[in-house]
Amino acid sequence: MVKLRGWVQLFSAVVWNPMLGNFISGHIYRGKLKQICIPALNCYSCPGAIGSCPLGSLQTVLADPFYNFSFYVIGYLLVFGSILGRWICGWVCPFGMIQEWLHRVPFPKMLLPRWMGGVKYGILAVFVLYLPMAGAKSLGLGEPAFCKYICPAGTLEAGLPLLGLVPGLRSALGSLFALKLFILLLVVVVSFMIFRPFCRVLCPLGAIYGLFNPVSWYRYQCAREACTGCGSCAAVCKMGVNPAIRPNSPECIRCGDCLRSCPQGALSSKYGINSTTEAAAAE
Amino acid sequence: MKFIRVLLPLAGVGMLLFGVMRQEHLIVLTKAINICLECVGIG
């Protein structure tokens, strides 16, 4: 399963970024597929990208004073989130995959304080929702504040390749790029020590999908009668979740480590619209 | 819960289609086919 997830992550990164020739030419894809949002965090200015980042798209529409709300992008997020929840983070997010690769580097590992998981909800509220909408109302045109001031995926996937390939962009660099590069380097260094720090602390898309985890079609369940409370599932969870108590925690990215670790087989995944009790009653 | 699990994706599809009617997808397309200076770090 671990190997399968790794291959799915790699495959999906290629699916979201098939225009590999653009990494040499310095162009970005300009076709109509760009109007479609992909489920994961993948910058639409990445030279290889074939679809749009849902977070960037959401901010763009919110920042437009003519719209000021995005039925289109929120519709995508509702569909993706209600069916898969944070499975998307664990299996098809390229930036999550990169952080996992970095975490494999031999380096002293650390635990993340649990309260830091709440920061991403504040970033979602302020940088993704409030600032673009407020800018649209007060200035006539807002800006994608999360992309502009924080997003390390944009710096890595779009900023560094395009700045390397397009000389004209380099002449416009300033303090903003320094800030974004600092955030990216911070995420890279912390990834050596902490598993997926960006996903756990900063990612607004993970915050959105996490809210769907308890109600999504794909979810985990713990058979209370089989669970002995040995804690082996909590011990292997790199996201700091205790699956025996909260199998559908908003922090769970559905990596499946806990399912394999349970000596009693009490944890399992299921897919469908029936809840555990409804399924048991039906049986 | 079963009702919510059916309602959420249906609401999502409905909102998505309504967004297309409002031509929001064209705003997304316009943004996505040009280099996003905010994403790159130029502003």
Side-chain angles (χ1 to χ4, degrees), chain A residues 28-32 34-37 43-45 49 51-53 56-57 60-61 64 67 70-83 143-145 147-149 151 154-155 157-159 162-163 166 169 172-174 176-181 212 215-217 272-275 278, chain B:
Chain A
I28 64 170
Y29 168 69
R30 296 171 62 90
K32 286 195 169 183
K34 274 274 178 83
Q35 65 192 299
I36 298 170
C37 292
C43 186
Y44 39 35
S45 283
S52 282
C53 169
S57 303
T60 298
V61 183
D64 189 315
Y67 293 102
S70 181
F71 291 95
Y72 182 66
V73 183
I74 292 175
Y76 272 112
L77 295 174
L78 267 175
V79 172
F80 294 143
S82 61
I83 293 175
E143 58 184 14
C147 301
K148 184 174 180 177
Y149 298 109
C151 186
T155 314
E157 297 165 2
L162 289 175
L163 290 168
V166 185
L169 288 175
L173 288 182
L176 186 64
F177 181 73
L179 168 70
K180 288 200 64 180
L181 190 61
F212 288 100
V215 294
S216 63
W217 290 15
I273 58 172
N274 286 326
S275 65
E278 286 164 348
Chain B
M1 196 60 88
K2 187 174 177 179
F3 174 71
I4 291 173
R5 288 197 182 103
V6 174
L7 181 70
L8 283 176
L10 288 179
V13 171
M15 288 177 76
L16 204 159
L17 293 175
F18 185 63
V20 171
M21 283 170 57
R22 295 208 316 162
Q23 299 194 324
E24 290 176 26
H25 61 297
L26 298 181
I27 300 287
V28 171
L29 180 65
T30 304
K31 178 72 177 179
I33 61 173
N34 295 294
I35 292 176
C36 168
L37 296 179
E38 293 92 347
C39 307
V40 171
I42 292 175

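As a basis for the values below, the full set of heavy atoms in this structure was taken, side chains included, without hydrogen atoms, waters or symmetry mates.
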Exercise. Under the 3.5 angstrom rule, does the side chain of A/Arg30 hit a backbone N or O of B/Asn34 as a donor-acceptor pair?
Worked result: no
Exercise. By salt bridge (Lys or Arg N to Asp or Glu O under 4.0 Å), which residues pair with A/Lys34, not counting sequence neighbours?
Worked result: none
Exercise. Quick one: what part of B/Leu10 sits under 4.5 Å from any heavy atom of chain A, side chain, backbone, both or neither?
Worked result: neither
Problem set entry | Rounded distance [0.5 Å steps], CG in B/Leu37 versus CG in A/Leu162 | 10.0 Å
For this session: Output yes when a side-chain donor or acceptor of A/Lys180 lies under 3.5 Å from a complementary backbone atom of A/Cys147, and no otherwise.
Result: yes
Exercise. With chain B, which of A/Val73, A/Thr155, A/Leu169 has the greatest number of heavy-atom pairs at distances under 4.5 Å?
Worked result: A/Leu169
Exercise. Do you know which of A/Cys53, A/Gly154, A/Ser45 has the most heavy-atom pairs under 4.5 Å to chain B?
Worked result: A/Ser45
Problem set entry | Spatial distance of atom CG (B/Leu7) from atom OG (A/Ser82) [nearest 0.5 Å] | 9.5 Å
Problem set entry | Structural part of A/Lys148 lying under 4.5 Å from a heavy atom of chain B | both
For this session: Return yes if a side-chain donor-acceptor contact under 3.5 Å exists between A/Tyr72 and A/Gln35, otherwise no.
Result: no
Problem set entry | chain B contact via A/Leu163 - side chain, backbone, both or neither, heavy atoms under 4.5 Å | side chain
Seminar exercise, completed: Under 4.5 Å to a heavy atom of chain B? For A/Tyr29 that would be backbone
Exercise. Any side-chain heavy atom of A/Ile28 sitting closer than 4.5 Å to one from A/Tyr44?
Worked result: no
Exercise. If you count heavy-atom pairs under 4.5 Å with chain A, which of B/Pro9, B/Cys36, B/Ala32 comes out on top?
Worked result: B/Ala32
For this session: Heavy-atom pairs under 4.5 Å with chain A are the metric here; pick the option from B/Ile42, B/Leu8, B/Leu16 that has the most.
Result: B/Leu16
Problem set entry | A/Tyr149 versus chain B, the contacting section by heavy-atom distance below 4.5 Å | neither
